[in-house]
Protein chains: 2
Amino acid sequence: MAAQRDQGHNGDQPPATVADAPAREVTARDVPAARERARAIPEAAVARLAVYLRVLSAMGEDGVTTISSEELAAAAGVNSAKLRKDLSYIGSYGTRGVGYDVDVLISEIERILGLTRKHSVAVVGIGNLGHALANYGGFPSRGFPVAALFDVDSDLMGVPVGGIPVEHIEDIESICREREVTIGVIATPPSVAQDVCDRLVSGGVQCILNFAPVVLGVPDHVEVRKVDLAVEMQILSFHVARRADEAQAEVTVDGTRPGVGEAVVGR
Amino acid sequence: MAAQRDQGHNGDQPPATVADAPAREVTARDVPAARERARAIPEAAVARLAVYLRVLSAMGEDGVTTISSEELAAAAGVNSAKLRKDLSYIGSYGTRGVGYDVDVLISEIERILGLTRKHSVAVVGIGNLGHALANYGGFPSRGFPVAALFDVDSDLMGVPVGGIPVEHIEDIESICREREVTIGVIATPPSVAQDVCDRLVSGGVQCILNFAPVVLGVPDHVEVRKVDLAVEMQILSFHVARRADEAQAEVTVDGTRPGVGEAVVGR
DNA sequence: ACGACTTTGTGCCTGCGTTCACAAGCGGCT
DNA sequence: AGCCGCTTGTGAACGCAGGCACAAAGTCGT
Ligand SMILES: NC(=O)c1ccc[n+]([C@@H]2O[C@H](COP(=O)([O-])OP(=O)(O)OC[C@H]3O[C@@H](n4cnc5c(N)ncnc54)[C@H](O)[C@@H]3O)[C@@H](O)[C@H]2O)c1
Ligand SMILES: NC(=O)c1ccc[n+]([C@@H]2O[C@H](COP(=O)([O-])OP(=O)(O)OC[C@H]3O[C@@H](n4cnc5c(N)ncnc54)[C@H](O)[C@@H]3O)[C@@H](O)[C@H]2O)c1
């Protein structure tokens, strides 16, 4: 059973490595005591580090203290060379001939990912999806406490969802500032997503996770990631179509379908 | 206001272009009537095509009949050269000096993405997230009708969610076959995700969208995409940390912080 | 009918990310 | 104490994807 293709998560991101300082001359590049040489970690590697962290946490709870690159790679569904290279971006914490200390690796990855500080989250749009997000225990437990919920619907005001009362969207700037929200999650209808985004930004929010199927415009200093389920579905659909075409083309050519599998049976 | 970085969606995917036929000699590559030369479209491009499709649909409804690469690129938040290259993968449907016909582009992209056939979806795990997904109108409206819901909780059996009754997980294989489900969505707790996945696969499901934070093992002929919100958060967290470090390093060096913006005020 | 303008399609170049393969390093065994 | 084998860390090569810039091509205006 093959492990799933890694997919880099949403991790692909644009072209670049993380170092995108545009024109500045030297800046921090060659600072001696360079605050973390967290410089130039490829975005795709960051996404994988988060996966390694989850796997390592689970291992740690199972009492595993040491792990080799081969084992960890298998558990995370990646190639071991890639895993070692990813880890090498954050430093040399392995012991040759032995492997990595699970606890050490966990704290180093947490440090690089900035998980030593808690990042307060605000969810905007407490509808179907917003409810699920607000109730999701996986955020607080991973260092992302939900600090505020917002909606425009007056029936929802004050109603606690996942233990937190819903507040009015008009108060978003002040509340975000007050509670030092760093991550805003947009789960509103697409039509108001840009407006909500602008308000979040003016409330000092630095990062946005957007579920609404629209392209958001933001200032340079704000980071946006989007989760677009329809796009995910369509990518899957593309693969189905491609397989069907391929299978058919092969049959056309030589009548055999080597190793593709029996999935296309019915059609 | 800068458009958000494109992020390729989950679209990064592994290394490769989509043509991963391993050893086969010629196959369909040079078949004359090559069923779609949908060969070798980069995965990242596929993800963007889905975005273009959404933008185009919206434009079409607004009565726009023709659009230039520049306009479409702006609306989709990408570079116009990249957009033209993406469109060139599916053929030449533009008119020089004029632009693209919106309707033509829509049908060509739909064709390539395999949206001409409807893909039935099954959602497994009708908890917080499963409810939201089952109620989401964005799937059916984009050609992904929800054909079945599954859970293990007996209290949920027969209860309609989003108009569809929940069925028991034990029946998943037969129902998936019967209703020709091609896409399975996993929204169960992580501990049972692999088991659910195996059942979906043996029910003939070819594609899986996985929300549970685990790495799924599947046969080669099955395509998995995962949506891991904790990973998304951690990537955002990483960027916050990096910015903070960079800002601090710059202050250390020369005391000025050119153009980064005023987001880091509080800290 | 012809010219000028607009916009596409793409060849080329650059740069990132992945993979391979191996030397360096460390623990354990004898 | 020294050697052997295992595993890390990384130098180098490769391949894909992105972006530039321009020639081809078609339209619109005169
Ligand atoms: N439900 C899903 O599974 C799902 C899946 C993928 C994407 N999405 C996207 O997520 C978003 C939310 O989906 P949903 O199903 O939860 O929709 P929903 O209609 O159930 O919820 C939207 C909520 O946003 C609130 N809202 C409306 N305008 C607002 C404003 N100006 N400020 C603050 N809140 C406002 C509404 O009161 C409502 O509570 C949509 O953009 C949708 O496309 C949802
Ligand atoms: N809620 C969110 O916003 C959110 C966000 C990100 C990820 N996730 C992930 O999505 C998954 C679901 O989250 P949730 O919040 O909806 O959890 P939940 O506990 O509300 O729902 C899980 C559902 O799965 C059902 N289930 C359990 N075992 C099953 C089985 N063997 N077969 C079929 N169904 C079974 C349960 O009865 C329950 O209805 C989890 O893996 C979670 O980590 C959820």
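Naming convention: chains lettered A, B, ... in sequence-line order (proteins, then strands); numbering from 1 in each chain.
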How many Å lie between [atom1] on [X] and [atom2] on [N], as a whole number?
X        : N      : atom1 : atom2 : answer
B:Arg48  : D:dG19 : CZ    : C1'   : 12 Å
A:Asp101 : D:dT8  : CG    : P     : 13 Å
B:Ile67  : C:dT6  : CD1   : P     : 18 Å
B:Leu87  : D:dG19 : CG    : P     : 15 Å
A:Tyr93  : D:dT10 : OH    : C1'   : 17 Å
B:Lys82  : C:dG11 : NZ    : C1'   : 19 Å
B:Leu72  : C:dT6  : CG    : C1'   : 17 Å
A:Ile90  : D:dT8  : CD1   : P     : 14 Å

| query | Hey, what do you get for OG (B:Ser68) to CG (B:Leu83), rounding to the nearest 0.5 Å? | reply |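 Spacing of OG (B:Ser68) from CG (B:Leu83) equals 9.0 Å.
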| said: When you compare the side chains of B:Gln234 and A:His119, does any donor N or O come within less than 3.5 Å of an acceptor on the partner? | reply: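 No.
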Is there side-chain contact between [X] and [Y], with heavy atoms separated by less than 4.5 Å?
X        : Y        : value
A:Leu49  : A:Tyr89  : no
B:Arg243 : B:Val240 : no
A:Thr182 : B:Leu236 : no
B:Tyr93  : B:Ile109 : no

| query | Between A:Leu200 and A:Gly184, what is the shortest heavy-atom contact and its length? | reply |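 Scanning both residues, the minimum pair turns out to be CD1-CA, 4.2 Å.
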| field | Option among A:Val218, A:Val222, A:Asn210 that satisfies the side chain to side chain contact (heavy atoms under 4.5 Å, CB included) test with A:Cys197 | value | A:Val218
With the criterion being N/O to N/O and under 3.5 Å, what pairs connect the protein with nucleotides 20-22 of chain C, and how long is each?
none

| message | Going by the rule side-chain contact (heavy atoms from CB on, under 4.5 Å), which residues pair with A:Ala187 if we only count those two or more places apart in sequence or in a different chain? | response | A:Leu129, A:Leu133
| field | Nucleic acid footprint by protein, nucleotides 1-7 of chain D - heavy-atom cut-off 4.0 Å, B for base, S for sugar-phosphate alone | value | -----BB
